[in-house]
Chemist: 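Pasting a structure below so you can have a look.
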Amino acid sequence: MTTKLSHSASPESAPHAVKGAAAGGERVGVLLPLALSGAYDYLVPEGLRLAPGDYVTVPLGPRLMVGVVWGPGSGEVADKKLKKVTDRLDVPPMPEGLRKFIEWVADYTLSPPGMVLRLAMRAPGALEPPRLRTAYRLREGGEAALPKMTPARTRVLEVARDGFARRSGELAEEAGVSAGVVKGLADAGVLEKVAFTTERGFDAPDLEAPRPALSSAQNDAASAIGAQVEEGGFETFLLDGVTGSGKTEVYFDAAARALAAGRQVLILLPEIALTSQFLDRFEARFGCRPAEWHSDLPARERRRVWRGVAEGRARIVVGARSALFLPFAELGLIVVDEEHEIAFKQDEGVHYNARDMAVVRGSLGAFPVVLASATPALETMANVWAGRYRHLVLSERHGPAQMPDVFAVDMRADPPERGRWLSPGLVKSMAQVLAKEEQSLLFLNRRGYAPLTLCRSCGHRLECPQCDSWLVEHRFRKELACHHCGYTAPSPKACPACGAEDALVACGPGVERIAEEVTELFPEARVALLSSDVLRGPAAYREAVRQIEEHEVDIIIGTQVVAKGHNFPLLTLVGVVDADLGLENGDLRAAERTFQLLHQVSGRAGRAEKPGRVLMQTYMPEHGVMRALLSGDRDAFLEREAAGRERLGYPPYGRLAGIVLSSPRLDQLQALARDMARLAPLSEKIDVLGPAPAPLALLRGRHRMRFLVKARREAHIQGYIAQWLAQVQVPAAVRVAVDIDPYNFS
Ligand code: ADP
Ligand code: ZN
């Protein structure tokens, strides 16, 4: 493997030849990771040469801050006020590709560039030089300088002759002498000091390791991507394959080719799919762990990975959406697995969609991007239909595994008993599976015991004091929780409104309540409950997965944490407790997302030799989503969805942006919203809908109102919004969040 990126930013190796380099006495523009409108001018001190991409410390008010040299200074700051760059940091400069990408994302999302830069610098300590320790080894020719020898010194030399460097304590211990003896030999010049870091390095992926022979469809897909990887140049592929068709094998193959060509590789997964199973699979294929990047990483590990990527030592990274902003200098392939997942959309700060921005990064960096899914987003399919993305199809499961049979359980015809949620038909199937010593999975995308608690006596509903939402009962934790802000309170005995005792009733089921029902129905079965609030942290998650793999569990009950990426060979029955749940939510993607989620969950059944079955409990078996799931005719469903969206001018056939205003004070908020409505520029291609109270009209104690900007596809929606907001005076207490291509309409 190459390590040609052993950049050092020491003054000797300053990039004199770099375009745009500035010498002492000249100005540079430095972008800081703050919500400022652009780069600030600074003076380059004598003796320093700075080039775009260099990380520097500069004074800002009373403090020092790290920023990145962005280009020549603008001249806006008067000479007298100009401050000097303090220092350049010993880190490889930010590659030009990443700088261009940051600017692109800032323009597209209407975010200050510094806020996007911040995403690229989120690795505490990575910009400081690594902490070094000292070790000792025999100096070349050192034995010629031998001082007076003692038996102790001789023993040290005997150990040190192997040429390895050791900490002084280690060397002394191996030789059975005191540390003073080692020091004496170092002072005499026999041993020399070497600096080393205790940080773990990165294993090189083994590209020669035996790999599975690909099927011919898999091979066609891998070759198409591989050829593009080797040739270089931008192209987006949709790797469209049913669950279990071997998409992962295909993109591993493409990744191996990119690595062999000396490029770095990034595999993006929804955070939730970054499981131990995936990492084990990676290890089985490449003989090492990948570098990982996600929000749970300890600071030390972030530092190590960030620096490893910047220095080109980390060749392949598996990460959540924020990994897109790592400082790769030789990136040659991005894979976005489960590309349809809305987890790729960031809903705060810089509102970006990592799937779409991955395509942008590929286009700026001239390399291919692979989007993989069994249920591609409508946006992605529209790009395929328009000929912008290349379509690679895997239509069958690998090996003997077949797609599961999907049935609807009509809850009107086969209702559960009173106070129960599982229909007799589903219960019967579960009993059969249990008798065969296979596993079933019950899926319900609702954490907790019950989504609503109601007083039977006065009708009061328990609501979050800070949000416009109901409190969810978590019976195992004996508390009520708000799923929007995290507020919790102990479950009350009496109604807080009327004081009636024992009048509070739980309405509707969450997974905990289903677990209770299952335990009553099958007291002998071993039940596992998987939801994000029960499984805290990766270790608990890994343990749960292990128990299922080793058949220590008969019935799994879970939220969407179980929907993705798992292969459990004994799992032959999937029961969807409430297939209509996602359709209640009226947003424009409700049908599409319900289809994707339920299809994904169904894909857990029958992954190996044993055939799988899926039972969907529904009150609307005639609904389009249900019909598509039963018939398996995904493409017809997508085409119908597309026609509907096109008729209404919704994405991907039109463009949307959300603007959410929030403030602790409702009167102030309403006044601003009225002003803004008045100031909205007129346009033939763009409509402004609203203002209206947001569906979540109160969140964390802030009132919220929203506008929806709806534009024709060809309209420049960012320019329109920027022009509009430039006229608006926003009071300090009000926040304005702009969300281009929103996925969340709450
Ligand atoms: P997907 O990502 O499309 O859901 P996977 O890549 O997880 O599919 O493949 C499903 C299962 O089939 C995995 O256990 C995988 O190891 C196996 N598999 C896929 N392709 C091959 C192949 N060519 N040879 C051997 N096993 C394969
Ligand atoms: Zn709340």
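Heads up: numbering here begins at 1 and tracks the sequence. The shown structure was predicted, so the numbers you read here are calculated from the model rather than taken from an experiment. Counting convention: from 1, in listed order, for ligands and their atoms alike.
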Chemist: Among all protein heavy atoms, pick the one closest to atom 2 (O) of ligand 1 and tell me residue, atom and distance.
Modeler: Thr248 OG1, 2.7 Å
Chemist: What I want to find out is whether Arg475 reaches Glu473 closely enough, with some N-O distance under 4.0 Å, to be called a salt bridge.
Modeler: yes
Chemist: How far is atom 4 (O) of ligand 1 from the closest protein heavy atom, and which atom is that?
Modeler: Gly244 N, 2.8 Å
Chemist: Is the shortest side-chain N to carboxylate O distance from Arg477 to Asp533 below 4.0 Å?
Modeler: yes
Chemist: Checking salt bridge (charged side-chain N to carboxylate O under 4.0 Å, His left out) against Asp280, which of Arg285, Arg289, Arg546 comes through?
Modeler: Arg289
Chemist: Heavy-atom contacts under 4.0 Å between Arg397 and ligand 1: side chain, backbone, both, or neither?
Modeler: neither
Chemist: Which atoms of ligand 1 have any heavy atom of Gly246 under 4.0 Å away?
Modeler: 1 (P), 3 (O), 5 (P), 6 (O), 8 (O), 9 (O), 19 (C)
Chemist: Please determine if Asp337 and Arg355 form a salt bridge, counting it only when a charged side-chain N lies under 4.0 Å from a carboxylate O.
Modeler: no
Chemist: Please determine if Arg542 and Glu549 form a salt bridge, counting it only when a charged side-chain N lies under 4.0 Å from a carboxylate O.
Modeler: no
Chemist: Is His483 close enough that one of its N/O/S atoms sits under 2.8 Å from the Zn ion (ligand 2)?
Modeler: no
Chemist: Please check whether Thr243 reaches ligand 1 - meaning an N/O of the residue sits under 3.5 Å from an N/O of the ligand, judged on distance alone.
Modeler: no
Chemist: Identify, by atom number and element, the atoms of ligand 1 in contact range of Pro212, meaning under 4.0 Å from any of its heavy atoms.
Modeler: 22 (C), 24 (N), 25 (C)
Chemist: So which heavy atom in the protein is nearest atom 16 (O) of ligand 1, and how far is it from that ligand atom?
Modeler: Glu249 OE2, 3.2 Å
Chemist: Find all atoms of ligand 1 within a distance of less than 4.0 Å from any non-hydrogen atom belonging to Asn567, and give their numbers and elements.
Modeler: 13 (C), 14 (O)
Chemist: In the protein, what heavy atom is nearest to atom 20 (N) of ligand 1, and what distance, to one decimal place, separates them?
Modeler: Gln218 NE2, 2.9 Å
Chemist: Measure from the Zn ion (ligand 2) to each N, O or S atom of His484 and report whether any distance is below 2.8 Å.
Modeler: no
Chemist: Check ligand 1 against Ala213 and write out every atom of the ligand that is under 4.0 Å from a heavy-atom position of the residue.
Modeler: 22 (C), 23 (N), 24 (N)
Chemist: Give the ring-plane orientation class for Phe282 versus Phe286, where under 30° counts as parallel, over 60° as perpendicular and anything between as tilted.
Modeler: tilted
Chemist: Let me confirm one number: the CD-CD1 distance from Gln264 to Ile316, rounded to the nearest 0.5 Å.
Modeler: 10.5 Å
Chemist: Is any side-chain N of the basic residue among Asp253 and Arg211 closer than 4.0 Å to the acidic one's carboxylate O?
Modeler: yes
Chemist: At less than 4.0 angstrom from any non-hydrogen atom of Ser245, what atoms of ligand 1 do you find?
Modeler: 1 (P), 3 (O), 8 (O)
Chemist: Answer yes or no on whether Arg589 is positioned over the face of Tyr743, meaning its NZ or CZ is under 6.0 Å from the six-membered ring centre and within 45° of the axis.
Modeler: yes
Chemist: Show the atoms of ligand 1 that are less than 4.0 angstrom away from any heavy atom in Val242.
Modeler: 3 (O)
Chemist: Classify the contact between His398 and ligand 1 as side chain, backbone, both or neither, using a heavy-atom distance cut-off of under 4.0 Å.
Modeler: side chain
Chemist: Would you mind checking if Asp739 and Arg706 are paired as a salt bridge, meaning a charged N to carboxylate O distance below 4.0 Å?
Modeler: no
Chemist: Hey, what's the angle at the Zn ion (ligand 2) spanning SG (Cys482) and SG (Cys464), nearest 10 degrees?
Modeler: 110°
Chemist: Have Gln547 and Glu543 got a donor and an acceptor in their side chains that come within less than 3.5 Å?
Modeler: yes
Chemist: Going by the atom numbers of ligand 1, which of them fall below 4.0 Å from some non-hydrogen atom of Arg281?
Modeler: 5 (P), 6 (O), 7 (O), 9 (O), 13 (C), 15 (C), 16 (O)
